Amino acid sequence: MDLQQANTAIRIAWKMSLVSIGITVALTLVYASGGSLADVDWWNWVDLALMLALTFGVYKKHRASAVTLFAYYVVSKIYVWIIYGVFLGVPIAAVFAYFFFRGIQGVFAYHRLASELGEDTAVTYSHSH
């Protein structure tokens, strides 16, 4: 993976995470439509905050954020499928997981290449493309 491919994988990962967050917000509003936002499970709010923080971390090219985003997403999907016994959205979840995994590869490749090229060259290159 070259620097341009790494930056592309990172960009797609954080954008896909924003899409996932958008879907979660939409579903939260649908669940709240029968009552109020106060009736929504507190975990929905924690999930949204955590996903936003991890997304920002991936945007900033933090390795720990990329790995945690992928692991959190996969584990949370498996948890929901087991708890509710319904395996809805598996193909879509697999697509998101794939792009989050590619984000991990991109962040690690970026840091490896940045250290080889020199941080200033990599940052300049990543902002110009």
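Just so it is clear, the values below take in all heavy atoms, side chains as well, and ignore hydrogens, waters and symmetry mates. The structure presented is a predicted model; accordingly, all values stated were derived computationally and were not measured.
Counting non-hydrogen atoms of other residues, nucleotides and ligands closer than 6.0 Å to CD1 of I23 gives a total above 12. When the shell of 6.0 Å around OH of Y72 is examined, it contains more than 12 heavy atoms from other residues, nucleotides or ligands.
A 4.5 Å side-chain heavy-atom check between F101 and V74 finds every atom pair outside the cut-off. Between I10 and Y59, the closest side-chain pair of non-hydrogen atoms is not below 4.5 Å. Looking at Y110 and M1, their side chains never come closer than 4.5 Å, going by heavy atoms from C-beta outward. Side chains of S65 and K60 form no contact here, defined as non-hydrogen atoms less than 4.5 Å apart. Within the 4.5 Å cutoff, side-chain heavy atoms of F108 are placed close to those of V67.
Contact record, N7 with K61: OD1-CE, 3.0 Å, taken as the closest heavy-atom pair. Closest approach of A66 to V58, counting heavy atoms only: CA-CG2, 3.6 Å. In this structure, A9 and G106 approach most closely via the heavy-atom pair CB-CA, 4.1 Å. Between S17 and L69, the closest heavy-atom pair is OG-CD1, 3.7 Å. Contact detail for L113 and D2: the closest heavy-atom pair is CD1-C, 3.5 Å. Taking all atoms of both residues into account, the shortest heavy-atom contact from F96 to M16 is CE2-O, 3.2 Å.
Counting Ile, Leu, Val, Met, Phe, Trp and Tyr side chains that sit under 4.5 Å apart, directly or through other members, V75 stands alone, with no cluster partners.
Taken together through direct or relayed side-chain contacts under 4.5 Å among Ile, Leu, Val, Met, Phe, Trp and Tyr, V80 and I83 form part of one hydrophobic cluster. Note on W43: it clusters hydrophobically with L54, by side-chain heavy-atom contacts below 4.5 Å among ILVMFWY residues. Hydrophobic clustering (side-chain heavy atoms under 4.5 Å, transitive across Ile, Leu, Val, Met, Phe, Trp, Tyr) keeps I82 apart from Y84.
Atom OG1 of T55 sits about 3.5 Å away from atom CD1 of I21, to the nearest 0.5 Å. For the atom pair M51 CE and T24 OG1, the distance stands at 6.5 Å (nearest 0.5 Å). Distance check, rounded to the nearest 0.5 Å: CZ of R112 to CG of L117 gives 9.5 Å. To the nearest 0.5 Å, atoms OG (S20) and CG (D47) are separated by 7.5 Å. We find the CD1-CZ distance between I104 and F70 to be 5.5 Å, quoted to the nearest 0.5 Å.
Ring geometry for Y73 against F100 counts as perpendicular: the plane angle is over 60°, on a 0 to 90° scale with 30° as the lower cut.
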